[in-house]
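Taking it in order: structure first as structure tokens, then the write-up.
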Amino acid sequence: MIKTAKRLRNIIPSVTTEMMIKAGELKDQGVDVIDLSIGEPDFPTPELIIEYAVTAMKEGFTKYTNFDGIPELKDAVITKFKRDNGISYSREEVIITAGAKQAVFNALMATLEEGDEVIVLVPYWVAYPEIIKLTGATSVFVPLDPESGYSRSVEKIESYVTNKTVAIILNSPSNPTGALLEDSFIRDLIKLCSNNNILIISDETYEQIVFDRKYKSITAYDGDISNKLTINSMSKTYSMTGWRLGYAAGPQQLIKKMVQVQAQTTSCPNSIAQKASIDAINGDQSIVIEMREEYKKRRDFVYSELSQIPDIFLHKPDGALFVFPDVSGYYGFNQNGKTIDNSVEFSEFLMDQFKLVVVPGAAFGCDKNIRISYATSMPIIIEGIHRLKKALIKIRD
Ligand SMILES: Cc1ncc(COP(=O)(O)O)c(C=O)c1O
């Protein structure tokens, strides 16, 4: 038997990816599956961005680049931060990564070791606790309150801070809830973190998918970058998930350490994706607006349909691609001799009996919920909601 590392023993595979694979397998078998588990935009990458990449390849831009990304892309990212968020960064304060996920990994690897604690707000994006485990540090889970739109008082957060707390991870708008954190909460949190020397890691991957409010990046609150790392991505904004391109901006000393991690893991982000991203960021942004408008229509439809279903509790998402209803009012009922008691069993029931794929909330630390994605076409969403309604009637039969 080959020896494998102890550190991987408790790592949970990505449930969201597993659901996607399961749905794909069923589709391949010809089953009429409705997949609402998808965590990526359904739009193709805009044609112009593809053309930029083709040009880059034809021009021979196919070699390794600097570990931390090419200077022209860093400049585009700096321009983006100035344009969209009103923040000024220098090249030394920016790193280009192979997606936001690698930026999260780099940051956590660069800052954490055994014994350290990281505050993770619940529900959380599935990857945070697993990456924290890989570093040997511990996640300290702080539940957000669904009834007040997934907010939390800073006093409550403070009660979780110890002398081992190194960082807190924010994700606003959130995957899975779609909720934005409140301004007053962020302001108080910034003070708390400054006073306790805690790094704020702000995952702003869904920044451009916000519907009813203007987005405010973490550093725009006070302009102080000394304890804030902002992470962003090309994946959702430009529908470029497979291109693997993200970026982060923060204090130079931290960025330097993140570059060290990156240099020994991937060497550099994909050269072609980097080149195409320059033009994507600097070019006409109307495609981003068009996609946002389409997501908003879908969000409105899904929210309106689900909020009419009895005994489902639902926060109206401010952004991102998901709704996260509490379906626990439908737990405890018997189906074919088996009681449905949790989000995994509930999701399995939807998949087995109605060929409807969603992600169980347990993956995000909330067993009362399921995550439904609207990153798919309206006819599929309509049929998915129809099947969910039928399933809820059947459960209580
Ligand atoms: C909150 C959040 N952060 C980061 C990522 C990863 O993005 P990327 O494709 O840039 O690695 C995702 C992807 O689903 C996400 O939901």
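No hydrogens, no waters, no symmetry mates; every other heavy atom, side chains included, goes into these values.
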Ignoring hydrogens and geometry, is there a side-chain-to-backbone donor-acceptor pair from Y247 to M234 under 3.5 Å?
no

D35 and K27: CA distance, side-chain angles, deciding distance, salt bridge (Lys or Arg N to Asp or Glu O under 4.0 Å) verdict
CA-CA 9 Å; D35 185 359; K27 274 182 216 156; 3.8 Å; yes

Between L181 and L199, is there shared hydrophobic-cluster membership here, with clusters defined by ILVMFWY side-chain heavy atoms closer than 4.5 Å?
yes

Using only atom types and a distance under 3.5 Å, with no angle test, would you say the side chain of E204 pairs donor to acceptor with the backbone of I218?
yes

Yes or no on ring-ring contact (aromatic ring centres under 6.0 Å, His included) for Y295 and F43, after CA distance, side-chain angles and deciding distance?
CA-CA 11 Å; Y295 292 135; F43 300 99; 5.5 Å; yes

Is the count of non-hydrogen atoms from other residues, nucleotides or ligands lying under 6.0 Å from R187 atom CZ greater than 12?
yes

Surrounding CD of Q253 (heavy atoms of other residues, nucleotides or ligands, distance under 6.0 Å), is the total greater than 12?
no

Derivation and outcome, salt bridge (Lys or Arg N to Asp or Glu O under 4.0 Å), residues R91 and D68
CA-CA 10 Å; R91 279 187 187 170; D68 53 341; over 6 Å; no

Any sub-3.5 Å donor-acceptor pair from R244's side-chain atoms to N270's backbone N or O?
no

Does T97 reach the main-chain N or O of G99 with its side chain, forming a donor-acceptor pair under 3.5 Å?
yes

Ring-plane angle category for F346 and F349, please: parallel below 30°, perpendicular beyond 60°, tilted otherwise.
tilted

Backbone N or O of F324 within a donor-acceptor pair of the N369 side chain at under 3.5 Å?
yes

F322 six-ring centre to R371 NZ/CZ under 6.0 Å and within 45° of normal
yes

Is it the case that the side chain of D318 and the backbone of L180 share a donor-acceptor pair, with hydrogens and angles ignored and the cut-off at 3.5 Å?
yes

Should the pair R396 and Y330 be classed as cation-pi, given the thresholds of under 6.0 Å to the six-membered ring centre and 45° from the axis?
yes

Cluster link V122 to L144, ILVMFWY, side chain under 4.5 Å
yes

What residues, two or more places apart in sequence or in another chain, satisfy side chain to side chain contact (heavy atoms under 4.5 Å, CB included) together with D284?
S286

If I take atom CG from residue L108 and atom OG1 from residue T135, how far apart are they, to the nearest 0.5 angstrom?
6.5 Å

Please test K228 against D222 for salt bridge (Lys or Arg N to Asp or Glu O under 4.0 Å), starting from the C-alpha separation and ending with a verdict.
CA-CA 11 Å; K228 301 188 193 80; D222 63 356; 2.7 Å; yes

Yes or no on side-chain contact (heavy atoms from CB on, under 4.5 Å) for S88 and K82, after CA distance, side-chain angles and deciding distance?
CA-CA 6 Å; S88 301; K82 191 83 204 139; 3.2 Å; yes

Do any N or O atoms from the side chain of S174 and from the backbone of A179 form a donor-acceptor pair under 3.5 angstrom?
no

Just by distance, do the side chain of S153 and the backbone of K156 share a donor-acceptor pair under 3.5 Å?
yes

Would you kindly confirm whether I201 and Y128 end up in one hydrophobic cluster when ILVMFWY residues are joined by side chain heavy atoms under 4.5 Å apart?
yes

Which residues pass the side-chain hydrogen bond (donor to acceptor under 3.5 Å, both in side chains) test with Q260, not counting sequence neighbours?
none

Please report the closest heavy-atom contact between A127 and K101, naming both atoms and the distance.
CB-CE, 3.8 Å

For the side chain of Q252 and the backbone of G250, is there at least one donor-acceptor N/O pair under 3.5 Å apart?
no

Here's one to test your reading of the geometry: is the NZ or CZ of K368 within 45 degrees of the ring axis of Y331 and under 6.0 Å from its centre?
no

Which residue in the set K296, K297, R298 passes side-chain hydrogen bond (donor to acceptor under 3.5 Å, both in side chains) when paired with D300?
K296

Over 12 foreign heavy atoms within 6.0 Å of NZ, K256:
no

For K22, enumerate each residue passing the side chain to side chain contact (heavy atoms under 4.5 Å, CB included) test, keeping only those at least two apart in sequence or located in another chain.
M351

Run the side-chain contact (heavy atoms from CB on, under 4.5 Å) test on V357 and I38 for me, step by step, so that the C-alpha distance in whole Å, both residues' side-chain angles and the decisive distance to 0.1 Å come before the verdict.
CA-CA 9 Å; V357 189; I38 301 157; over 6 Å; no

So which heavy atom on V94 is nearest to which on K74, and how close?
O-NZ, 2.9 Å

In one Ile/Leu/Val/Met/Phe/Trp/Tyr side-chain cluster, 4.5 Å: I278, Y89
yes

Is there a path of hydrophobic side-chain contacts, each under 4.5 Å between heavy atoms of I/L/V/M/F/W/Y residues, joining L350 to V359?
no

Check the pair D183 / R213 against salt bridge (Lys or Arg N to Asp or Glu O under 4.0 Å), numbers first and verdict last.
CA-CA 11 Å; D183 275 356; R213 285 204 257 160; 5.2 Å; no

So does D203 get a backbone contact from the side chain of E207, meaning a donor-acceptor N/O pair under 3.5 Å?
no

